[in-house]
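One structure is given below, encoded as structure tokens.
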Number of protein chains: 2
Amino acid sequence: MALRQILLGMLRKPGTGYDLKRQFNQSLRHFWAADLAQIYPALQKLEQEGLLAVSVEPPAQGPPRKVYRRKKTGDQAVREWLLQGPEFRRDRISYLAQVFFLNELNSAVDARAFLVKLRDNIATQLAELKKVEQHWQNDDPRYPDDLPDEGFYPQLTLQLGLTRLAASLEWCDESIARLDRRN
Amino acid sequence: MALRQILLGMLRKPGTGYDLKRQFNQSLRHFWAADLAQIYPALQKLEQEGLLAVSVEPPAQGPPRKVYRRKKTGDQAVREWLLQGPEFRRDRISYLAQVFFLNELNSAVDARAFLVKLRDNIATQLAELKKVEQHWQNDDPRYPDDLPDEGFYPQLTLQLGLTRLAASLEWCDESIARLDRRN
DNA sequence: CTCTTCATGTAATGGGTTACATGATTCA
DNA sequence: TGAATCATGTAACCCATTACATGAAGAG
């Protein structure tokens with residue numbers, strides 16, 4: 001149920017649903033993704049509840065832009081969310097479920113192939129996140145240690161993303177090595 | 001949509017919905033959780049589809065036990081799931097979304113308090129997972145390197161859980177230190 | 001001439017959570 | 001006497017995904 005708050009958080013500066021989607025892709029994607037089909041109704045609801053204001057503006061191209069602005073009640077909602085402390089939702093990691101049952105294949109060769117594919121996938125994800133980091137670095141030469149506060153906290157999240165992927169990658173390599181040692 | 005396959009995987013040995021819930025709590029919880037309200041209908045559906053067989057057995061206590069057994073079609077379904085390669089579902093990490101927006105608090109003190117709470121939470125989770133590892137160790141003296149295949153793959157998943165939590169914990173400490181250095 | 005980008009949505013379906021409902025036995 | 005364990009479920013709701021629908025401008 002955090003999408004509401006995330007949208008409010010992103011609307012520190014006014015924007016349209018489409019703008020927010022772009023922000024998801026650029027900055028939040030590695031820990032949260034959302035589709036336009038989710039974003040549009042959510043924004044409408046937040047407006048109905050009085051946390052956002054809308055104004056229709058003429059677009060450069062396409063249909064009229066519905067620009068959402070956060071109201072004071074919206075500011076407050078974000079602050080409350082943060083003051084409640086960290087939220088944990090149960091994570092579900094499909095590929096770990098698969099690893100758990102790899103023995104069902106009755107074949108160390110097939111199990112190994114699975115782990116190698118997993119390794120490659122994670123390596124790709126890590127490479128992509130590093131590209132994102134490159135972009136951030138190019139956008140602001142103060143990256144990572146002299147960023148203003150607005151950039152500092154997002155940078156922390158990127159950092160954890162990189163750390164976790166690197167740890168997962170190492171785990172893959174070690175797992176493959178352990179499997180090889182068993183045979 | 002992996003719950004189906006996980007239930008099938010767990011039913012290598014026959015059992016009831018309640019038994020499976022226990023297995024979730026003991027072995028899979030750190031990467032997948034499921035409620036009885038999800039498990040019971042899912043088992044019924046798998047039976048209707050012909051992947052499982054049911055037989056009603058007299059219980060030690062309570063209502064009759066519905067014991068599910070995997071059929072050959074069920075075995076096949078598990079194997080197909082694994083042979084398709086690793087599945088990635090987009091993860092959503094609420095607390096990272098919160099970290100991303102911590103600047104909204106306009107207070108390094110409050111932001112720091114958030115990170116400390118996060119640190120404590122993760123430390124608790126790590127301690128709990130280590131307890132789980134202790135149990136596994138006690139259950140089988142061959143842990144971790146001389147386990148039979150059935151135990152080896154589950155142990156890998158536990159290992160990743162521990163690795164990731166340890167990495168997250170380090171990240172928390174470093175983030176708090178970096179925040180302190182800024183002020 | 002086709003693909004991408006801008007920009008809005010709705011509808012159907014699927015998956016997950018919470019609440020509700022029942023009832024016997026065992027343990028503190 | 002009250003809580004936990006065993007054992008089954010249903011119903012309402014919420015959240016997320018996929019598919020469908022429209023349409024103009026600009027890039028290649």
Side-chain angles (χ1 to χ4, degrees), chain A residues 1-8 10-11 14-26 28-29 31-49 52 54-68 81 87-94 97, chain B residues 1-8 10-11 14-26 28-29 31-49 52 54-68 81 87-94 97:
Chain A
M1 223 214 66
L3 180 66
R4 293 165 53 84
Q5 288 91 340
I6 293 173
L7 292 173
L8 289 172
M10 288 198 271
L11 283 171
T16 67
Y18 200 85
D19 293 338
L20 295 178
K21 174 62 180 165
R22 229 182 274 125
Q23 263 195 71
F24 270 109
N25 291 344
Q26 282 163 16
L28 298 129
R29 217 232 231 91
F31 59 84
W32 203 284
D35 257 311
L36 283 171
Q38 252 193 297
I39 294 171
Y40 288 128
L43 288 173
Q44 285 169 17
K45 214 183 159 204
L46 286 166
E47 194 246 321
Q48 278 162 29
E49 291 170 15
L52 293 180
V54 212
S55 57
V56 179
E57 292 182 11
Q61 277 111 30
R65 291 164 51 84
K66 290 175 77 172
V67 178
Y68 289 92
W81 176 50
E87 273 177 6
F88 290 85
R89 47 168 55 210
R90 10 177 141 184
D91 34 330
R92 296 197 160 86
I93 311 177
S94 305
Chain B
M1 224 217 67
L3 180 67
R4 294 164 54 83
Q5 288 91 341
I6 292 174
L7 292 173
L8 288 172
M10 288 198 271
L11 284 170
T16 68
Y18 201 85
D19 293 338
L20 295 178
K21 172 62 179 166
R22 228 182 274 124
Q23 263 196 71
F24 270 109
N25 290 345
Q26 283 162 16
L28 298 129
R29 213 226 233 96
F31 59 84
W32 202 284
D35 258 311
L36 284 170
Q38 251 193 298
I39 294 171
Y40 287 129
L43 289 173
Q44 286 169 17
K45 213 182 159 204
L46 286 167
E47 195 245 320
Q48 278 163 28
E49 291 171 15
L52 294 179
V54 211
S55 56
V56 180
E57 292 182 12
Q61 277 111 31
R65 292 162 52 84
K66 290 176 75 173
V67 178
Y68 288 91
W81 177 50
E87 272 177 6
F88 290 84
R89 49 167 54 208
R90 9 177 142 185
D91 33 332
R92 296 197 159 87
I93 310 179
S94 306

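Keep in mind that the numbers below use all heavy atoms, side chains included, and drop hydrogens, waters and symmetry copies.
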key: Side-chain heavy-atom pair I93(B), D91(B) within 4.5 angstrom cut-off   = yes
remark   = Contacts of G17(B) and R4(A) projected onto DNA chain D by closest heavy atom; the upstream (5') one is G17(B)
What are the atom names and distances for every N/O pair under 3.5 Å that joins the protein to nucleotides 12-14 of chain C?
none

query = Are E57(B) and V67(B) close enough that some pair of their side-chain heavy atoms sits under 4.5 Å apart?
reply = yes
note = The bend of the helix from dC1(C)-dG28(D) to dA28(C)-dT1(D), taken between the axes of its five terminal pairs at each end and rounded to 10°, is 40°
query = Going 5' to 3' on DNA chain D, which nucleotide is the first and which the last to come under 4.0 Å of a heavy atom in chain B?
reply = dT5(D) to dT17(D)
ask   = What heavy-atom pair brings V56(A) and P64(A) nearest, and what distance separates the two atoms?
value = CG1-CB, 3.6 Å
query = When rounded to the nearest 0.5 angstrom, what is the spacing between NZ in K21(A) and CD in Q38(A)?
reply = 9.0 Å
note = Per the under-4.0 Å heavy-atom filter, residues of residues 33-45 of chain B near DNA chain D come out as L36(B), A37(B), Y40(B), Q44(B)
query = Roughly how far apart are L8(A) CG and L46(A) CG, rounded to 0.5 Å?
reply = 5.0 Å
request  = Specify the separation, in whole Å, of atom NZ of K21(A) and atom P of dT4(C).
outcome  = 16 Å
ask   = Taking only residues two or more places apart in sequence or in another chain, which ones pass ring-ring contact (aromatic ring centres under 6.0 Å, His included) with F24(B)?
value = none
ask   = Rounded to the nearest 0.5 Å, how far does NZ of K45(B) lie from CZ of R4(B)?
value = 6.0 Å
Contact check, side chains of Y68(B) and Q44(B), non-hydrogen atoms, under 4.5 Å = yes
remark   = Atom CZ of R90(B) and atom C1' of dG16(C) are separated, to the nearest Å, by 17 Å
task = Nearest 0.5 Å please: distance from the CE atom of M10(B) over to the CG atom of D19(B).
result = 10.5 Å
ask   = Roughly how far, to the nearest 0.5 Å, is CD of Q48(B) from CG of L43(B)?
value = 11.5 Å
query = Which part of the nucleic acid, if any, lies within reach of R22(B) when heavy atoms closer than 4.0 Å are counted: base, sugar-phosphate only, or nothing?
reply = sugar-phosphate
key: Partners passing ring-ring contact (aromatic ring centres under 6.0 Å, His included) against Y40(A) (at least two apart in sequence or in another chain)   = none
ask   = CD1 of I6(A) to CD of Q23(A): how many Å apart, nearest 0.5 Å?
value = 11.5 Å
inquiry  = With a 4.5 Å cut-off on side-chain heavy atoms, are L3(B) and W32(B) touching?
reply    = yes
message = Categorize R92(B) for me: base, sugar-phosphate, or nothing, with a 4.0 angstrom heavy-atom threshold over every strand shown.
response = sugar-phosphate
